[in-house]
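This report refers to the structure that appears directly beneath it.
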Amino acid sequence: MKRAYGVIGVRAIMSNWNADFTGRPKTTSNGEIFGSDKALKYPIKRMWDDEGKKVLYLKSYIEDKGKLRPKTLKERYEELFEELTKKAATKEVLKNLFSCIDVKNFGATFAEEGQNLSITGAVQFGQGFNKFQDSNVEIQDILSPFSDGKKVKEGEDVNQSTLGTKIMVDEAHYFYGFSVNPNNYKEYENLLDDFSGYTKEDFEEFKKATKVAVTRFATNSKFGCDNEFALFIEYDNEKYLPDLSEYIEFDSKERVVDLSKIEELVGDDAKVEVYADPYKLKVKTKWEVKSIF
């Protein structure tokens, strides 16, 4: 495999796929709803971690002064590998980093204890824009079973429990374009012993995770967010394609994904795989469509 491209589709029904700091779904300055690449990478990394694979860039905790706090990058590294000292060999640190499946796919920025490493990942995601035309933000009031502890402490009369809110979008369909460039690791193949770069096996693990990780990750706010579409395009030559998510046409009324423009771009010299939720989504394409489940 020389190059690969594709699109990952995520459906959100009465849920909040990616919130901003106000709790509302992320939007651009003109109000267009989107999800960041980090929102998609997180459930993928969680899936890999639960499968027992090494994942470096994932929050974990340590007890500090009787309280729990997130580990530093150095502490997380030392959780997976040996103690990191200023005398650590850079080659050994690189070898350890590349043994982490998230680093192998998405790259890393590692500036700790005399190391200043930046690895451009073989896999690059764009932002996932919502292509559904009639999305509405819903705000649900939630009654807490508890009163306001601060008011009680200050001696105020408290007769009601506190209120909260849950902010959701009624329906949205996010499409993330991605590219895979194994050449990003060429320099490391010559530098590190027994390092074969980004392999076909690495890409298969990536495909496996991106098809199911969102559906698998069902937290309170993410319940209702599911994988609904995946397109994988592989080349054995140096083919250069733009962000394919921009060429997807989505019929919001019928929930139909039209791949006609992408078919023209891809040509006939690629291996193409298309997956979709057969119960919720229709795909207009000349390629075979398999169930994403």
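Please read all numbers here as calculations on a predicted model, not as lab measurements. Only this structure's heavy atoms are used, side chains among them; waters, hydrogens and symmetry mates stay out.
Around NZ of K200, the count of heavy atoms belonging to other residues, nucleotides or ligands within 6.0 Å exceeds 12. By the neighbour-count criterion of 12 heavy atoms within 6.0 Å, atom NZ of K67 is sparsely surrounded, having that number or fewer from other residues, nucleotides or ligands. The number of heavy-atom neighbours closer than 6.0 Å to CG of N30, taken from other residues, nucleotides and ligands shown, is above 12.
In this structure, the side chain of N18 engages the main chain of S36 through a donor-acceptor pair within 3.5 Å. Looking at K104, its side chain does come within 3.5 Å of a backbone N or O of G197 through a donor-acceptor pair. In this structure, the side chain of K71 does not engage the main chain of E78 through any donor-acceptor pair within 3.5 Å. A donor-acceptor pair under 3.5 Å is absent between the side-chain atoms of D37 and the main chain of Q124, judged by distance alone. A donor-acceptor pair is defined here as one N or O able to donate and one able to accept, closer than 3.5 Å; such a pair exists between the side chain of D20 and the backbone of R24. Between the side chain of N105 and the backbone N or O of V123 there is no donor-acceptor pair closer than 3.5 Å. A distance-only check finds no donor-acceptor pair linking the side chain of D64 to the backbone of R69 [under 3.5 Å]. Remark: the backbone N or O of V7 is not paired with any side-chain donor or acceptor of S245 at under 3.5 angstrom. In this structure a side-chain-to-backbone donor-acceptor pair under 3.5 Å is present from R76 to L56. Not a single donor-acceptor pair under 3.5 Å links the side chain of D226 to the backbone N or O of E228.
The CG atom of L192 sits 9.0 Å away from atom NZ of K95, with the distance rounded to the nearest 0.5 Å. One distance of note links CG of D277 with CG of N227; it measures 10.0 Å at 0.5 Å rounding. Between atom CZ of residue R11 and atom SG of residue C225 there is a gap of 10.0 Å, rounded to the nearest 0.5 Å.
Considering only residues two or more places apart in sequence or on other chains, N237 meets the side-chain contact (heavy atoms from CB on, under 4.5 Å) condition with Y235, K239, D269. Applying the ring-ring contact (aromatic ring centres under 6.0 Å, His included) test to F98 and every residue at least two apart in sequence or in another chain returns Y185, Y188, F195. Partners of K38 by side-chain hydrogen bond (donor to acceptor under 3.5 Å, both in side chains), not counting sequence neighbours: none found. Under the side-chain hydrogen bond (donor to acceptor under 3.5 Å, both in side chains) criterion, S260 pairs with D258, not counting sequence neighbours. Legend: residues meeting side-chain contact (heavy atoms from CB on, under 4.5 Å) with K65, ordered by chain and number and at least two apart, are absent. Qualifying side-chain hydrogen bond (donor to acceptor under 3.5 Å, both in side chains) partners for E171, counting only residues two or more places apart in sequence or in other chains: H173, R255. When the side-chain hydrogen bond (donor to acceptor under 3.5 Å, both in side chains) test is applied to S118, no partner is found at least two apart in sequence or on another chain.
Between the side chains of N96 and S99, not a single donor N or O lies within less than 3.5 Å of an accepting N or O. A donor-acceptor contact closer than 3.5 angstrom links the side chains of E238 and N183.
Residues F250 and Y174 are members of separate hydrophobic clusters, defined by side-chain heavy-atom contacts under 4.5 angstrom among Ile, Leu, Val, Met, Phe, Trp and Tyr. By the criterion of side-chain heavy atoms lying less than 4.5 angstrom apart, applied directly or through intervening Ile, Leu, Val, Met, Phe, Trp or Tyr residues, V289 is grouped together with L244 in one hydrophobic cluster. In the hydrophobic cluster analysis, where Ile, Leu, Val, Met, Phe, Trp and Tyr join through side-chain heavy atoms closer than 4.5 angstrom, Y176 is grouped together with F217.
Sequence neighbours left out, the pairs with a member in residues 108-129 that pass ring pair (Phe, Tyr, Trp, His ring centres under 6.0 Å) are F34-F129, Y77-F110, F125-F178, F125-F206. For the side-chain hydrogen bond (donor to acceptor under 3.5 Å, both in side chains) condition, the pairs that include at least one residue of residues 45-56, sequence neighbours left out, are Y42-R46, D50-R216, E51-K53. For residues 251-291, the set of pairs meeting the ring pair (Phe, Tyr, Trp, His ring centres under 6.0 Å) definition, not counting sequence neighbours, is empty.
The two residues V266 and V272 have their closest heavy-atom pair at CG1-CG2, 4.1 Å. Pairing each heavy atom of Y61 with each of P70, the nearest pair is CD2-N, 3.7 Å.
V256 belongs to no hydrophobic cluster with other residues, because no ILVMFWY side-chain heavy atom falls under 4.5 Å from its own, directly or through intermediates. Other residues sharing a hydrophobic cluster with F21 under the 4.5 Å side-chain heavy-atom criterion for ILVMFWY residues do not exist; the residue is a singleton.
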